[in-house]
Amino acid sequence: MRHEFPGRAWERRNPEPLNCYYIDMITRKEREKYDRQIRIDGLGTEGQEKLKQARVLIAGVGGRGSPLAVYLAIAGVGNLRIVDNDEVSLSNLNRQPLYGAEDIGRKKTEAAELRLQKLNPDIKVEAVFETITEETVSQLADGCDLILDAVDNFPARYVLNNAAIKKGVPFLYGGIYGLEGTMTTIIPRKTACLRCIFPDPPPSEIFPVLGSTAGILGCIQAMEAIKYIVGIGDLMTNRLLIFDGFSMKFREVRVESDPQCPDCSPSAGS
Amino acid sequence: MNSIVVRISGSLRKLTRGKTEIELTVAGNIADCVIKLEEQFPGMREKICDEEGEIRGAVNIYVNGDNVRSLQGLATTLKAEDEVDILPAFAAA
């Protein structure tokens, strides 16, 4: 799907005509730092400025959240709000490269904020140690142009999915299992939502995960987020990407809106 | 009789002992396909279908890339060389 940027929050912060606004917004240092991506067709200085102005919610800084946050930070996405309610544990270290052994016991949000600010001191990182619930999500997502799913359970994903629908901002779903992963991009009222795709949550369990699987899916989500912010390429909308590391194959299936969806159908009243 | 390929993903591979693609000879529809899978891999039916016999909400079945929920569900007919994907939701971060 071809899409239009900017989102509403971005427009609110940037009322000036784009061509005027971009002048002098990227510093010489930033121009040099991001030179290789500014050279990408369609990205350019204007795209870099959009990245600088964007604010995204990264829900979860674990397996996928680590690479997602790292690649958005070093790409110059200007405002990262990272949310997690967990502390670093030994069993996280096989797949969460934001953390090291010295971080065990620390709040993930604190350790991640420090690491991300070291990687890119020119961006703003808001670390929020909080559980994502129906009560907290509206404030957590406030002002964000994009909601990125990096949580480890479906109840929290449904809460994020609903918040995205209510706020009218895109929601990038991802999930992994072992050497496999899936992702899709949800544009409220235009595409199928997460509830349309998976009406019920899977059973809760401790999942097998390889770090590189989280890395691959997290990087794909980061790329999709950057494409959306800049307004380039085709988004993974109404399609579910399936990655299978066992056979090293990517494939996709079609997804469709459910006219009876309790979350996003017109009768849902969201 | 139709020969089809069924791709098994995620936690369902525990039942197939890691096998990712199953070739089946199926007479009619997705329900027959599930029965055949259950014969070969006991426990598969319960993972795919709920107590009422409907496809679980956390599992999607696709025929040639289309979700059978938007087709005829378990009654979706199969023909030779169809590709079936059985995909449970992946929840891990």
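In what follows, chains carry the letters A, B, and so on, assigned in the order in which the sequence lines appear, proteins first and then strands, with residues in each chain numbered from 1. We use all heavy atoms of the structure for the numbers below, so side chains are in, but hydrogens, waters and symmetry mates are not.
Only the side chain of A:R157 comes within contact range of chain B, judged by heavy atoms closer than 4.5 Å. Heavy atoms of A:P201 lying under 4.5 Å from chain B belong exclusively to its backbone. At a 4.5 Å heavy-atom cutoff, A:I206 makes no contact with chain B through either its backbone or its side chain. Using a 4.5 Å cut-off between heavy atoms, A:E256 contacts chain B through its side chain alone, with no backbone atom that close. Neither the backbone nor the side chain of A:Q96 comes within contact range of chain B; no heavy atom of the residue lies under 4.5 Å from a heavy atom of that chain. Neither the backbone nor the side chain of B:K47 comes within contact range of chain A, judged by heavy atoms closer than 4.5 Å. For a residue to count as touching a neighbouring chain, one of its non-hydrogen atoms must lie under 4.5 Å from one of that chain's; by this rule A:V209 touches chain B with the side chain only. Using a 4.5 Å cut-off between heavy atoms, A:R251 touches chain B through its side chain atoms alone. Neither the backbone nor the side chain of A:L179 has a heavy atom closer than 4.5 Å to any heavy atom of chain B. In this structure, the portion of A:D244 lying under 4.5 Å from any heavy atom of chain B is its side chain and not its backbone.
In this structure a side-chain-to-backbone donor-acceptor pair under 3.5 Å is present from A:T184 to A:M236. With hydrogens and angles ignored, the 3.5 Å screen pairs no side-chain donor or acceptor of A:R64 with any backbone N or O of A:T213.
Checked for salt-bridge contact, A:R254 and B:D66 meet the test: a charged N lies under 4.0 Å from a carboxylate O. One finds a salt bridge joining A:E252 and A:R239 here, because a Lys/Arg side-chain nitrogen approaches an Asp/Glu carboxylate oxygen to under 4.0 Å. Salt bridge status for B:D85 with B:R7: present, with a side-chain N to carboxylate O gap under 4.0 Å. Looking at A:E126 and A:R81, a side-chain N of the basic residue comes within less than 4.0 Å of a carboxylate O on the acidic one, giving a salt bridge. Ionic pairing of B:D50 and B:R56 is not present here: no N-O contact between side-chain nitrogen and carboxylate oxygen is shorter than 4.0 angstrom.
For the pair B:V34 and B:C49, the tightest heavy-atom approach, listed with the atom from each and the gap, is CG1-SG, 4.4 Å.
The choice from B:G57, B:G10, B:S11 that makes the most heavy-atom pairs within less than 4.5 Å of chain A is B:G57. In terms of heavy-atom pairs under 4.5 angstrom with chain B, the leader among A:P202, A:G178, A:S66, A:G62 is A:P202. No other option in A:D149, A:V255, A:I197 has as many heavy-atom pairs under 4.5 Å with chain B as A:I197. Heavy-atom pairs under 4.5 Å with chain A were tallied for B:S9, B:A58, B:G18; the largest tally goes to B:A58. With chain A as the partner, the residue from B:S70, B:G65, B:P88 showing the most heavy-atom pairs under 4.5 Å is B:G65. Each of A:D258, A:D152, A:N153 has some count of heavy-atom pairs under 4.5 Å with chain B, and the biggest count is that of A:D152.
For B:E46, the CD atom counts as loosely surrounded, since its 6.0 Å shell holds 12 or fewer non-hydrogen atoms of other residues, nucleotides or ligands.
Each of A:I147, A:L57, A:V56 was checked for a side-chain contact (heavy atoms from CB on, under 4.5 Å) with A:V169, and the lone residue meeting it is A:I147.
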